[in-house]
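Each chain gets a letter, A, B and so on, in the order its sequence line appears, and its residues count up from 1.
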2 protein chains.
Amino acid sequence: MTARPQRARSTAQKQLRRADILDAADRHLTEVGFEAFSMASLGRLAGVAKGTLYLYFETREDVLLALFIAKLDAWRSAMEEHTPARDTDAAFAQRFHAEASAQANLLPLMARLDSVIEHNVTLPTLIAAKRRMDATLRDLAGILAPRLALPPGAMLEAIHVLGALLLGAAQMDAGPCLDSPDIPRDVRQIVTRFSSDELFTRNAVRILDGIRHDTHTETGDHAT
Amino acid sequence: MTARPQRARSTAQKQLRRADILDAADRHLTEVGFEAFSMASLGRLAGVAKGTLYLYFETREDVLLALFIAKLDAWRSAMEEHTPARDTDAAFAQRFHAEASAQANLLPLMARLDSVIEHNVTLPTLIAAKRRMDATLRDLAGILAPRLALPPGAMLEAIHVLGALLLGAAQMDAGPCLDSPDIPRDVRQIVTRFSSDELFTRNAVRILDGIRHDTHTETGDHAT
DNA sequence: TCTATAAATGACCGCCCGTCATCTACCACC
DNA sequence: GGTGGTAGATGACGGGCGGTCATTTATAGA
């Protein structure tokens, strides 16, 4: 790790320190989980006082929002890199899910994004975040469209819908206790049946099928 | 409103009081929203001391979990009642969404179910809740299967998947600020595009299509 | 070397969840 | 109708959190 001055005075140094804090937040989140994620302990892990955190982030939720955006970007990069020039729907669906699961904390953050995180952030920050997310997904859609032989518009729609489905499916994984020893077998089956993996892949393919069908059928706009 | 004794001694009286508290919780949630939902104010609204709430519920999250289950039951009843003997996929998808939106607080509760609510509840309560939800959905699947001309298994799968999709789509609506006056037009469009209504209906139909197709095709089990 | 600036600090505030010693409404029994 | 014991109701309290701000002090530039 590169040395850091005790005071970050230049803009570059400030960005570096902000990145350090985000890095610590990622580790902290991985270690203690959401419920125990506190600003005091984050400060301790990042090696700064609690008050310092509030020089770089508005609120606790602002930290998590920034972390989510970073993770989303990382996911986009992974998707770009690992999607071959010609891809199938099934493989794409599987990759969509696999890469999202591979990004530590991405799905947990996503599960809490709208319901929790976005509720304690200033309006300008929220607006900037929304724009950033939209740009990221739009970019990805433009790049992946030819590889899946879809029009860019349909590709973007697909990413949006698959995102929603993934979010819904991932909620189940956000629950507690999956690994607790004393859970009755029938309950474990209930939880497992909701497991995001197969549920997502099966139905992502169905949706892509539907999108392809609609794309071939409708020549212009879509019905009311 | 029927009169209540100051002390609930019989089991029936206790259930009545519990129901009263849940009722107050529903109103409280509607009035102040999630962030401001506190046990102190709930007690005030229900006309009992804060400590009394903890005689009927383990934690704040236990209140919300119980409220969710009640709302889910109400949704199921509405679905049973309003689904005609022979239904189309499109109409069913629309009703699925409409009835869920009609149940006040159902979608917001659902959005926070796994990520927040279930994390502060004892294991037995969680297990009981999971069983209850499973039974509710299973029941509904059995009743709706003939009306949609689907095998019961496929119907249950459909309900599960549509539930996940609805949850994902509803997350977007759980965000803040949709009605704030000073949101740039482009950001408003981003939020609107994610709007759950059309996104859900379109893709629910696609999924139902896929399920029907798979049901007709595969005679026995499904592939690996 | 010295000084002005602004980054860093952590004690402090208000709020909230959940507990528990205490109080008292109610029922059963005489 | 009076009375004692049970158990439901209470709310002051503890612990911990997010967020603030007067104070401290590292650092760049003169």
Could you state the CG-P distance from B:N120 to D:dC17, rounded to the nearest angstrom? 14 Å

Can you tell me the distance, in whole Å, between the CZ atom of A:R17 and the C1' atom of C:dT9? 12 Å

Contact residues, residues 30-49 of chain A to DNA chain C [heavy atom, < 4.0 Å]: A:V48, A:A49

Under a 3.5 Å distance rule, please check whether B:H28 uses its side chain to pair with a backbone N or O of B:A24 as donor and acceptor. no

Begin with the C-alpha distance, continue with both residues' side-chain angles, and end with the deciding distance and a verdict on side-chain contact (heavy atoms from CB on, under 4.5 Å) for A:M39 and A:K50. CA-CA 6 Å; A:M39 292 301 263; A:K50 187 169 61 157; 4.2 Å; yes

Interatomic spacing from CG in A:N120 to CG in A:L126 - rounded to 0.5 Å: 11.5 Å

Assess, by modelled atom type and distance only, whether the side chains of A:H97 and A:T201 contain a donor and an acceptor separated by less than 3.5 Å. no

Near DNA chain D, which residues from residues 50-59 of chain A have a heavy atom under 4.0 Å away? A:K50, A:Y54, A:T59

Output, in order, the C-alpha distance, side-chain angles, deciding distance and verdict of side-chain contact (heavy atoms from CB on, under 4.5 Å) for A:R147 and A:F92. CA-CA 10 Å; A:R147 306 192 194 172; A:F92 179 71; over 6 Å; no

Carefully, step by step, assess A:L55 and A:R17 under the rule side-chain contact (heavy atoms from CB on, under 4.5 Å). CA-CA 11 Å; A:L55 297 177; A:R17 176 145 290 189; over 6 Å; no

Could you point out which residue of B:L144, B:L137, B:D139 forms a side chain to side chain contact (heavy atoms under 4.5 Å, CB included) with B:R76? B:D139

Where do A:R44 and A:E31 land on the salt bridge (charged side-chain N to carboxylate O under 4.0 Å, His left out) test, with the steps shown first? CA-CA 14 Å; A:R44 227 174 295 128; A:E31 280 169 20; over 6 Å; no

Rounded to whole Å, CG of B:D20 lies from P of D:dA9 at a distance of 11 Å

For a quick check, with a 4.0 angstrom heavy-atom cut-off, what is the B/S/- contact string for nucleotides 24-30 of chain D, read 5' to 3'? -BBBS--

Expressed in angstrom and rounded to an integer, what is the separation of B:R18 atom CZ from D:dA9 atom P? 14 Å

Atom-pair distance (NZ on B:K14; P on C:dC26), nearest Å: 15 Å

What are the two closest heavy atoms between B:L107 and B:S101, and how far apart are they? CD1-OG, 4.0 Å

Using the side-chain contact (heavy atoms from CB on, under 4.5 Å) rule, take B:Q171 and A:L113 through it: C-alpha gap first, then chi angles, then the decisive distance, then the call. CA-CA 8 Å; B:Q171 284 283 337; A:L113 186 64; 5.9 Å; no

Point-to-point distance, once rounded to the nearest 0.5 Å, from NZ of B:K71 to CZ of B:F68: 11.5 Å

